[in-house]
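Just so we're clear, the structure is a prediction, and the values are computed from it rather than from any experiment.
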Amino acid sequence: MSSIAGQAPSIGLRASASPMDAAKARTRLIAIDALRGLVMLFMLVDHVRETWFLHLQVTDPVNANTTDPGLFFTRLLSTFCAPTFVALTGLSAWLYGQSHSKGEVSEFLFKRGLFLLFLEFTVVCYAWPTQANIFPPPVLWMQVIWTIGLSMICLAGLIHLPRPAQFALGLAIVCLHNLLDPLRLTAESPFFIPWALLHQRDKFEIAGMAFKTTYPVLPWIGVILLGYACGPWFAKGSDPERRIRRLTMLGLGLVIGFVMIRYLNVYGDKPWFIAQTPLRTVMSFLALTKYPPSLLFLMPTIGTGCLLLALFETYQDSRAMPHLAMLGGAPMFYYILHLYTLKVIYNIALLMYGPTKGTVFGVDHLRWVWIWVFILIPILYFPTRWFAQLKQRRKDIWWLKYL
């Protein structure tokens with residue numbers, strides 16, 4: 001959601017670069033921003049769903065026996081968002097390092113991470129429709145912005161490891177963290193809060209304030225580290241055809257590996273089951289744990305992201321690519337804008353019609369989610385395009401890089 005790739009289009013395009021290298025750099029960077037832009041649209045779909053269906057909250061993993069299939073697959077679309085954003089944040093950090101020292105990259109990651117933590121506990125935590133408009137709110141939800149920020153702070157130190165060690169540590173975290181699932185601590189344990197921050201989705205209090213770790217951070221540290229370690233694939237002057245082949249092979253390997261491991265039903269997530277209908281059996285197979293993300297959640301989502309990145313680089317001359325890349329060039333601005341837009345729309349609906357579903361406003365038909373998505377895309381696109389262009393035009397305004 002919040003990467004440093006907003007600065008990436010300038011990387012590798014200095015006057016000393018050859019025209020061929022400059023063209024290669026533009027291609028790879030447009031593809032990265034375009035992928036980010038696409039998953040931002042997927043995120044919009046899920047957050048519109050959540051806005052209008054507060055009365056039908058889905059569990060984690062989604063219950064394949066009881067959840068409406070339309071809601072299930074609408075929710076499934078958004079599962080690509082967080083893994084893609086976190087992996088691209090790591091990749092963008094490596095790209096940033098092509099024109100900066102490791103010390104400068106570490107400093108920027110650390111400062112940017114702190115800034116994201118600040119945003120999560122101030123601006124973002126008030127943006128959700130059900131959050132009370134009081135300070136402090138009853139519960140501070142530690143969600144994706146918090147996780148990306150803390151992951152960036154951790155990456156600030158981990159980038160100094162040798163690249164093989166980065167791969168080894170990242171793979172170990174992503175592949176093995178589910179072994180820790182049986183370890184459940186209670187509030188009486190002195191390690192309860194650190195463990196809730198790292199791996200156990202839970203609620204706790206500090207100085208009378210309530211916190212909820214929706215996104216425990218440990219697996220995401222592995223994802224951001226692997227994204228950084230793959231950075232040399234995108235080096236200046238690198239062969240795009242070789243990169244596309246690597247991305248395609250990696251993506252296919254992750255998706256096929258997911259199917260095989262999931263079918264065996266022995267590791268990586270809660271077991272799937274044969275349901276009363278074939279459709280619900282498929283839903284059970286695809287119902288994966290996001291909080292924290294299981295190995296089997298990360299394999300198909302990151303694998304699909306790799307395949308899409310290869311596809312976007314292959315067809316980077318498509319008319320849609322610049323528009324998606326423009327959205328992906330200002331991810332934090334878009335994120336905050338879309339959340340507050342949805343909150344304003346929800347409060348207007350609640351004021352006009354009152355609570356239609358218990359204590360909240362809600363709708364009956366899923367089609368309203370898609371209607372509102374298509375209404376909001378142009379409403380959100382033009383301000384985001386303006387801000388992305390401002391970032392590129394005004395390099396002298398230092399604080400813009402943090403947004």
Side-chain angles (χ1 to χ4, degrees), residues 1-3 5-6 32-54 56-58 62 68 70-89 116 119-120 123-131 141 143-145 147-148 214-215 290-291 301 304-305 308-309 312 320-349 360-363 365-388 403:
M1 191 115 9
S2 166
S3 72
I32 292 169
D33 275 348
L35 176 58
R36 188 181 296 109
L38 178 65
V39 297
M40 285 161 64
L41 295 180
F42 291 167
M43 177 183 64
L44 175 63
V45 173
D46 188 58
H47 289 170
V48 172
R49 173 201 62 81
E50 190 166 299
T51 299
W52 297 138
F53 283 89
L54 288 169
L56 291 177
Q57 291 291 300
V58 295
V62 179
D68 174 77
L71 281 177
F72 178 90
F73 287 103
T74 300
R75 168 66 173 165
L76 187 68
L77 188 65
S78 73
T79 58
F80 301 100
C81 298
T84 301
F85 272 116
V86 175
L88 290 182
T89 299
L116 293 186
L119 282 182
E120 180 71 274
V123 177
V124 175
C125 72
Y126 292 100
W128 304 100
T130 57
Q131 187 64 280
W141 294 78
Q143 303 198 83
V144 66
I145 301 301
T147 291
I148 295 176
T214 305
Y215 279 76
K290 182 179 180 181
Y291 309 112
T301 52
T304 302
L308 287 172
L309 191 55
F312 284 4
M321 290 299 107
H323 298 292
L324 288 174
M326 192 67 70
L327 277 178
M332 178 53 69
F333 178 86
Y334 173 93
Y335 184 73
I336 295 174
L337 176 65
H338 98 280
L339 287 181
Y340 276 95
T341 300
L342 288 173
K343 181 163 187 172
V344 169
I345 293 172
Y346 174 82
N347 285 332
I348 291 174
V360 300
F361 175 84
V363 298
H365 302 292
L366 190 62
R367 65 173 177 264
W368 285 108
V369 170
W370 292 97
I371 289 171
W372 272 102
V373 166
F374 286 109
I375 290 173
L376 288 171
I377 286 175
I379 292 175
L380 298 170
Y381 172 78
F382 290 104
T384 304
R385 184 181 69 174
W386 167 82
F387 189 81
L403 292 173

Check your understanding: How many angstroms lie between OH in Tyr335 and NE2 in His47, if you round to the nearest 0.5 Å?
Key -> 5.5 Å

Point to revise | Distance (rounded to the nearest 0.5 Å) between Ser78 OG and Leu41 CG | key: 13.0 Å

Review point. Got Val48 and Leu342 here, is their nearest side-chain heavy-atom distance under 4.5 Å?
Key: yes

Point to revise | Minimum-distance pair of heavy atoms, taken over all atoms of Phe53 and Val369 | key: CE1-CG2, 3.6 Å

Practice item. State which residues pass side-chain contact (heavy atoms from CB on, under 4.5 Å) with Ile379; sequence neighbours excluded, sorted by chain then number. Key: Ile375, Leu376

Exercise for review: Compare every heavy atom of Cys81 with every heavy atom of Met43, then report the nearest pair and how far apart it is.
Suggested key: N-SG, 3.4 Å

Exercise for review: Just do the side chain to side chain contact (heavy atoms under 4.5 Å, CB included) check on Trp52 and Ile345 with the steps written out, would you?
Suggested key: CA-CA 10 Å; Trp52 297 138; Ile345 293 172; 3.6 Å; yes

**Study point:** Qualifying side chain to side chain donor-acceptor pair (under 3.5 Å) pairs with a residue from residues 369-382, counting only residues at least two apart or across chains
**Key:** His323-Tyr381

Review point. To the nearest 0.5 Å, how far apart are CG in Leu324 and CG in Asp33?
Key: 10.0 Å

Check your understanding: For the side chain of Tyr215 and the backbone of Ile145, is there at least one donor-acceptor N/O pair under 3.5 Å apart?
Key -> no

Review point. Going through the checks in order, is the side chain to side chain contact (heavy atoms under 4.5 Å, CB included) test met by Thr84 and Phe42?
Key: CA-CA 11 Å; Thr84 301; Phe42 291 167; over 6 Å; no

**Study point:** Qualifying residue, where the test is side chain to side chain contact (heavy atoms under 4.5 Å, CB included) with Leu366 and the options are Thr74, Leu56, Ile371
**Key:** Thr74

Exercise for review: Give, for atom CZ of Phe361 and atom OG1 of Thr51, the distance between the pair rounded to the nearest 0.5 Å.
Suggested key: 11.0 Å

Point to revise | Minimum heavy-atom distance Pro378-Phe382, with the two atoms named | key: O-CD1, 3.0 Å

Exercise for review: List the atom of Pro383, the atom of Leu337, and the distance in Å for their closest heavy-atom pair.
Suggested key: CB-CD2, 3.9 Å

Point to revise | Smallest separation among heavy atoms of Leu76 and Thr79, with atom names | key: O-OG1, 2.6 Å

Check your understanding: Quick one: CZ on Phe80 to CG on Leu308, what's the gap to the nearest 0.5 Å?
Key -> 7.5 Å

Check your understanding: Heavy atoms, side chains only, cut-off 4.5 Å: are Met40 and His338 in contact?
Key -> no

Exercise for review: Could you walk me through whether Leu44 and Tyr334 pass the side chain to side chain contact (heavy atoms under 4.5 Å, CB included) test, one step at a time?
Suggested key: CA-CA 10 Å; Leu44 175 63; Tyr334 173 93; 3.5 Å; yes

Exercise for review: Only counting residues at least two apart or in another chain, list the ones meeting side chain to side chain donor-acceptor pair (under 3.5 Å) with Tyr340.
Suggested key: none

Revision key, fill the gap. Here the pair of heavy atoms bringing Val144 nearest to Glu120 is N-OE2, 3.9 Å

Check your understanding: Are the side chain of Thr301 and the backbone of Pro83 linked by a donor-acceptor contact shorter than 3.5 Å?
Key -> no

Review point. Just how far is it from atom CG of Leu71 to atom CD of Glu50, taken to the nearest 0.5 Å?
Key: 11.5 Å

Check your understanding: Taking the side chain as C-beta and beyond, is there a heavy-atom pair between Val124 and Gln143 under 4.5 Å?
Key -> no

**Study point:** Stepwise side chain to side chain contact (heavy atoms under 4.5 Å, CB included) check, Tyr346 with Val360
**Key:** CA-CA 10 Å; Tyr346 174 82; Val360 300; 3.5 Å; yes

